[in-house]
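Structure record follows, encoded as structure tokens.
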Amino acid sequence: MILKKLPHKKKVQNAWAMYDWANSVYSLVITSTIFPVYFNSVTRSEDFGDVVTFFGFQVVNTVLYSYSISFSFLVIVFLSPLLSGIADFGGKKLTFLKFFAYLGALSCMGLFFFDGDNLEWGILCAVLASIGFAGSIVFYNAFLPEIAEEEEYDFLSAKGFALGYIGSVLLLLVNLIMLEFPGFFGLSDGGQAARWSFLITGVWWVLFAQIPFRYLPDNPYGRKLETGWFWSGYRQIKTVFAVVKSKPVMNRFLAAFLFYSMGVQTVLYLAASFGDKELKMPGDKLILTILIIQIVAILGSYLFAFISKKYGNKSALIIMVFIWILICGAAYYVQDEFQFYALAFIVGMVMGGIQSLSRSTYSKLIPPNTSNTASFFSFYDVTEKVAIVLGTFSYGLIEQLTGSMRNSALALGLFFIVGLGFLLLVRIPKQELDKIIEIKNA
């Protein structure tokens, strides 16, 4: 295994986890809190209400935002399998990680110039930032089975998510102070403070990404990118697909992951919009809600890592998916901000846990001693991106047809129910982990 070639394994693992610290500020500031609220604010007018004109087409602003998220992840769905095959074939995981990280960070900075009048520019930057974030995660996740032993996956994955939550909360607190007291920072109003927060998010992403960029192994297998790399990458992904197709446990887990991720990721991306439109909550209270989710998610990541250690990954995942079903039902009946806060607390407990445990569980299903980790993880990440596309699109479509986000939230519960059904069919093998334990006890 590549682990034997790492002279400072702990340092490499800590550096890997720091990429969560670097990029998670995008998830919190741009996708979950400040940008959705800012976007709704600057695209709402007295004359046309929530209806905006985008390249000549009239559409509700929140529906446009849902569709833009769907489109960005649809791009990654088509790109990442091919790129991951090329990355594995030519040993370019770190190169692709850097490319997408810089694309995402620079696009965040570009949102500084979005003021509502240039709607197309704002959507373009939002889409490119989303592509950069999603693309980088494909290659970031692929490093996990290369830098850790199987028994380390759950807690290392949880550590990454925990660092991401901590870092993003710290930056969000700074941004929240800027929004509340813009004059103290020499800013004219909260809108200008919001735009500065987008710029700072991009800078944060670039700066802290330098830590994993420095310590993660660059082409550890010594592969060379030769002529014909495009088709070689395509053949690489076909080979891995054949392996994935032949493993029922992997197929069933990915099916379960697809459906429950449709719910999880949609909540992550559109919770602020729900609070804004359905409960008429002001921006600062919406940001506080997401802040609650982030802080509680830190505890949730480690809580369910412990539960998985004691009862197994499958049991921990089943518990969380069942809780998510209850959350969707409760969201339909939420009427005030205090009920929303309570729901946010529960969401936080299962948000961090289900994300970190899903990643580590899939790592255990990848064949041992393989060098094609990016290609294997591309199927995991493509599944998640397809889930985001279907989830956010369904959410926007149901709102457009029924005129209420509450119906959209209720529909998410159906996705979790289907995901639970597939999860019950999964049998996560313990042979490799048991073998490691036997060796250590010998």
Side-chain angles (χ1 to χ4, degrees), residues 73 153-154 157-158 161 244 247-271 274 293 296-297 300-334 342-365 379-395 397-398 405-430:
F73 284 102
Y153 291 172
D154 290 349
S157 181
F161 275 101
V244 173
K247 297 189 65 167
V249 62
M250 191 172 281
N251 291 333
R252 291 168 185 169
F253 176 76
L254 288 175
F257 180 65
L258 169 67
F259 281 98
Y260 69 68
S261 287
M262 287 170 67
V264 172
Q265 298 299 325
T266 303
V267 170
L268 177 65
Y269 280 89
L270 299 172
F274 180 90
I293 292 176
V296 177
S301 296
Y302 284 105
L303 171 64
F304 283 98
F306 279 110
I307 291 176
S308 69
K309 184 177 181 180
K310 187 173 181 63
Y311 299 105
N313 291 50
K314 179 178 175 178
S315 297
L317 287 170
I318 288 174
I319 292 171
M320 286 185 283
V321 172
F322 183 74
I323 294 174
W324 274 107
I325 294 172
L326 299 179
I327 288 171
C328 292
Y332 184 82
Y333 296 101
V334 168
L343 198 61
F345 183 89
I346 302 173
V347 166
M349 287 301 294
V350 289
M351 178 72 77
I354 203 165
Q355 288 180 311
S356 64
L357 202 58
S358 295
R359 178 169 65 184
S360 61
T361 300
Y362 184 75
S363 297
K364 295 177 181 180
L365 301 180
F379 288 98
Y380 174 85
D381 287 288
V382 163
T383 301
E384 185 177 54
K385 298 337 174 240
V386 169
I388 295 172
V389 171
L390 295 177
T392 55
F393 180 82
S394 300
Y395 194 93
L397 182 62
I398 293 171
M405 281 188 169
R406 293 182 185 274
N407 296 322
S408 300
L410 192 62
L412 295 181
L414 298 176
F415 300 147
F416 283 111
I417 291 173
V418 176
L420 179 62
F422 278 109
L423 196 57
L424 291 172
L425 299 176
V426 175
R427 289 188 177 181
I428 300 171
K430 297 182 179 180

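Position 1 is the first residue of the sequence, and the numbers go up from there. Both backbone and side-chain heavy atoms feed into the values below; hydrogens, waters and symmetry mates do not.
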How about [X] and [Y]: do any of their side-chain heavy atoms sit closer than 4.5 Å?
X      : Y      : result
Lys310 : Phe306 : no
Thr383 : Ser261 : no
Tyr260 : Leu317 : yes
Leu326 : Phe322 : yes
Tyr380 : Ser363 : no
Leu420 : Phe259 : no
Val267 : Trp324 : yes
Tyr362 : Met250 : yes

Calculate, to the nearest 0.5 Å, the distance between atoms [atom1] and [atom2] belonging to [X] and [Y] respectively.
X      : Y      : atom1 : atom2 : result
Met320 : Leu423 : CE    : CG    : 9.0 Å
Ile398 : Met405 : CD1   : CE    : 11.5 Å
Phe161 : Ser360 : CZ    : OG    : 9.0 Å
Lys314 : Leu425 : NZ    : CG    : 7.5 Å
Leu258 : Phe422 : CG    : CZ    : 8.5 Å
Leu365 : Asn251 : CG    : CG    : 10.5 Å

(request) Evaluate the ring planes of Phe253 and Phe257, with Trp represented by its six-membered ring, and classify them as parallel (under 30°), tilted (30 to 60°) or perpendicular (over 60°). (result) parallel
(message) Taking atom OH as the centre, does Tyr332 end up with more than 12 heavy-atom neighbours from other residues, nucleotides or ligands that are less than 6.0 angstrom away?
(response)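 No, the 6.0 Å shell around OH holds no more than 12 heavy atoms from other groups.
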Which atom names give the shortest non-hydrogen contact between [X] and [Y], and what distance separates them?
X      : Y      : result
Leu357 : Ala316 : CD2-CB, 3.4 Å
Ala331 : Ala409 : CB-CB, 4.1 Å
Leu412 : Met262 : CD2-O, 4.1 Å
Met349 : Leu303 : CE-CD2, 3.3 Å

Counting N and O atoms only, with roles assigned by atom type, does the side chain of [X] sit under 3.5 Å from a partner on the main chain of [Y], one being a donor and the other an acceptor?
X      : Y      : value
Lys364 : Asn313 : no
Ser356 : Ala158 : no
Ser358 : Gln355 : no

